[in-house]
Structure formats: structure tokens, C-alpha cells
Amino acid sequence: VAYHIQLHETIVAPYLDGLDLSLAGRNGLVRVLNELATYADSFIREPERRLTPGSDMFEVRWIFRDPTTNAMHALRFVISDAAAAYGVLRIEYVDEETAIYPTAVSS
Amino acid sequence: VSGTMTLESVRGGIRPFVEWIEQSRPPSADEAADVRTHAAIPVFLLEQLWADVREMMNQGVEHRKIVAILGDLASMNDSCIRAFTEVQIQPGAREYDAAMSERLTSELSKLRELRSAVSSLLQWLRASPPPIDMSKLPKTSTERVSAGYISVEEMAARLRTDRP
């Protein structure tokens with residue numbers, strides 16, 4: 001099933017917009033958002049991702065590297081599938097952790 | 001792994017060099033000779049897998065998937081380190097020429113560097129994130145259309161806007 005991903009306009013969008021990313025890093029972030037839609041079907045079927053048993057919210061963590069700054073970014077998304085019957089998934093919350101690694105790791 | 005190597009091909013490629021370690025026995029003379037002569041092969045395979053892992057992170061990868069691959073890489077790397085170290089201290093190791101011993105030491109050094117890089121990354125990835133403050137989560141909507149959300153395309157346009 002191909003899902004249409006939406007982002008909470010006042011919680012998620014400003015947070016992502018405010019991340020310290022280069023232009024290439026922001027392009028990487030867009031790629032991550034598109035990947036979420038691609039793999040959502042399997043994430044939805046994994047009960048261990050649910051915030052609480054039976055919750056309509058599940059958690060997905062995604063790692064990507066900003067090629068300009070070499071920083072590694074770990075994003076944690078909380079996604080609701082309450083409207084999944086319409087093919088819509090909504091990202092309700094996101095947080096991020098950054099790590100800078102030596103060249104041996106990041107290059 | 002999405003790149004040139006797969007976990008199975010790497011595992012298969014290093015197996016002849018570490019099988020005896022995994023069977024908790026000393027190497028036969030032929031197995032020890034193989035390590036001394038061809039130590040560069042498993043190191044090359046592990047470095048290729050590491051390069052693929054880094055490329056996956058460049059592209060973006062789901063957390064559990066990358067942690068699993070890195071865990072396998074760390075485990076295979078450790079087996080090679082144990083095997084190389086064991087061969088280095090084998091009785092009769094001194095009979096081999098200096099150049100061969102030097103090569104084995106050099107390959108072992110590459111494996112230790114790789115272990116350091118992989119373990120620091122794994123340590124970061126395995127650290128538990130802080131708990132989510134559930135009170136910050138909005139009320140979910142079951143409707144097809146719900147105000148207060150934007151599409152990925154709109155988000156992409158924002159992110160690609162030139163900024164100072």
C-alpha cells in the first residue's frame with residue numbers, strides 16, 4: 001500500500017525546518033520523508049513500534065548523514081495511522097539527535 | 001545491504017579464516033597458513049561492507065536495519081581479530097618470513113581501526129532516546145482531510161528554499 005505522508009504543521013514542520021542542515025542535508029531529509037512512505041506498510045504491521053499496545057501511533061527512527069557537515073542525524077518520528085484507511089499517515093511528532101564522528105566513520 | 005556486498009557474501013568470504021575460532025579450536029596448519037597468506041581478503045570484505053554501511057547512512061536508513069547490519073559487521077570483525085591474533089602467537093609463527101608477519105600485523109591494525117569506528121557508532125545508535133512526552137502529542141484525526149498538516153511536497157519546498 002502506498003501511503004501519503006502528512007506532517008503536523010506547527011509541531012513537525014517547524015522542527016524539521018529548523019534543523020542545522022546544509023542544502024545537501026535538507027535534500028537528504030526530503031529523501032527520508034519519501035522513504036517513510038515507501039516502507040510505512042511494513043512499519044504499520046510491527047506491533048513493537050506502537051507507543052502503547054493498540055495505539056494508533058507508532059515510532060520510526062531513521063539515520064542519515066549530512067554530506068556537507070559529516071554530521072550524523074538520528075530522527076525519531078511518531079506517526080499516526082488513524083487515517084490509514086484513506087491512505088494517509090500523519091507525522092505527529094519528531095525529535096532529532098546529532099553526532100559528529102571522525103572521518104573514519106563519517107567519510 | 002544495498003551496495004556491492006551482501007552480509008551473506010561477506011560472511012561466506014571470511015568463513016574459511018574464522019571457522020576454527022567459531023568452533024573454539026586451534027587452527028590446523030593449513031588454516032593458519034591461509035590466514036598468514038591471505039589475511040587481506042577478509043579485511044577487504046569487511047572494509048567493503050563498512051563502505052556500504054556508510055553509503056546507506058549517506059542515503060538514509062532505518063535505525064533497526066542499520067543497527068542489525070553493524071552488529072553483524074562488528075561480530076565478524078571481532079572473529080577476524082581473534083583469528084589473526086591467534087595465528088600471530090601460534091608456535092612456529094616466527095618461522096614465517098618477516099614480510100608475511102608484517103602484512104598480518106598491518107591487516108590486524110586495519111581490523112582494530114574498523115572495530116573502533118564501528119563500536120563508537122553502534123554505541124551511539126544503541127543509546128536509548130529520552131522518553132517521548134505523550135502530553136506533547138496532538139490528538140489524532142481519523143478523517144481523510146484534517147486541517148493543520150502539510151504534505152511532504154510542501155515540506156520539501158520549504159526545505160529547499162534558499163536561506164541565508
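Just so it is clear: chains get the letters A, B, ... in the order the sequence lines come, proteins before strands, and each one is counted from 1.
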Query raised in the report: B:L125 versus chain A, heavy atoms under 4.5 Å apart: side chain, backbone, both or neither?
Result: both
Query raised in the report: With a 4.5 angstrom heavy-atom cut-off, which part of A:Y39 approaches chain B: side chain, backbone, both or neither?
Result: neither
Requested in this report: Measure B:Q59 against the heavy atoms of chain A and call it side chain, backbone, both or neither at under 4.5 Å.
Outcome: both
Query raised in the report: Has A:D41 got more than 12 heavy atoms of other residues, nucleotides or ligands less than 6.0 Å from its CG?
Result: yes
Query raised in the report: Are B:L114 and B:I14 co-members of a hydrophobic cluster defined by side-chain heavy atoms under 4.5 Å apart?
Result: yes
**Report entry** Donor-acceptor under 3.5 Å (A:R76 side chain, B:P130 main chain)
**Finding:** yes
Query raised in the report: Looking at A:V78, A:L33, A:D56, A:L75, which has the largest count of heavy-atom pairs under 4.5 Å with chain B?
Result: A:D56
Query raised in the report: Residues of residues 6-15 of chain A under 4.5 Å from chain B (heavy atom pairs)?
Result: A:Q6, A:L7, A:H8, A:E9, A:I11, A:A13
Report summary line: Answer key: most heavy-atom pairs under 4.5 Å with chain B among A:D17, A:D95, A:V88 is A:D17
Query raised in the report: Heavy-atom distance under 4.5 Å to chain B: side chain of A:L19, backbone, both or neither?
Result: neither
Query raised in the report: Which pair of non-hydrogen atoms, one from B:W124 and one from A:A99, has the smallest distance, and what is that distance?
Result: CE2-CB, 3.4 Å
Report task. Check the hydrophobic clustering (I, L, V, M, F, W, Y; side-chain heavy atoms under 4.5 Å; chains of links allowed) and say if A:W62 and A:Y93 are grouped together. Result -> no
Query raised in the report: Going from CE on B:M155 to CG on A:L29, what distance comes out if it is rounded to the nearest 0.5 angstrom?
Result: 7.0 Å
Query - For chain A, which residues of residues 132-141 of chain B have heavy atoms nearer than 4.5 angstrom - result: B:I132, B:M134, B:K136, B:L137, B:P138, B:T140, B:S141
Report task. Determine, for B:E62 against A:R49, whether the closest basic-nitrogen to carboxylate-oxygen distance falls under 4.0 angstrom. Result -> yes
Report task. State the CD-CD1 distance between B:E153 and A:I5, to the nearest 0.5 angstrom. Result -> 10.5 Å
Query raised in the report: Any donor and acceptor pair, going by atom type alone, linking the side chain of B:R144 with main-chain N or O of A:Y86 inside 3.5 Å?
Result: no
Requested in this report: Could you tell me whether B:Q23 atom CD has more than 12 heavy atoms of other residues or ligands within 6.0 Å of it?
Outcome: yes
Query raised in the report: Measuring from A:D66:CG to B:N58:CG, what's the distance to the nearest 0.5 Å?
Result: 10.0 Å
Report task. Give the cluster check for B:L49 versus B:I81: same hydrophobic cluster or not, with ILVMFWY residues linked at side-chain heavy-atom distances below 4.5 Å. Result -> yes
Query - Residue B:E102 excluded, over 12 heavy atoms near CD under 6.0 Å - result: no
Query raised in the report: What part of B:I150 lies closer than 4.5 angstrom to a heavy atom of chain A: side chain, backbone, both or neither?
Result: both
Query raised in the report: Contact part of A:E96 toward chain B, heavy-atom cut-off under 4.5 Å: side chain, backbone, both or neither?
Result: neither
Query raised in the report: With the 4.5 Å side-chain cut-off for hydrophobic clustering, are A:F77 and A:V30 part of the same group?
Result: yes
Query - Portion of B:A157 that has a non-hydrogen atom of chain A nearer than 4.5 angstrom - result: neither
Query raised in the report: In terms of hydrophobic clustering (I, L, V, M, F, W, Y; side-chain heavy atoms under 4.5 Å; direct or indirect links), are A:V60 and A:M57 co-clustered?
Result: no
Report task. Please examine the side chains of B:Y149 and A:E92, heavy atoms only from C-beta on, and report whether any two atoms are closer than 4.5 Å. Result -> yes
Query raised in the report: Highest number of heavy-atom pairs under 4.5 Å with chain A: which of B:S151, B:S146, B:P129, B:A156?
Result: B:P129
Report task. With a 4.5 angstrom heavy-atom cut-off, could you sort out which part of A:H4 is near chain B: side chain, backbone, both or neither? Result -> side chain
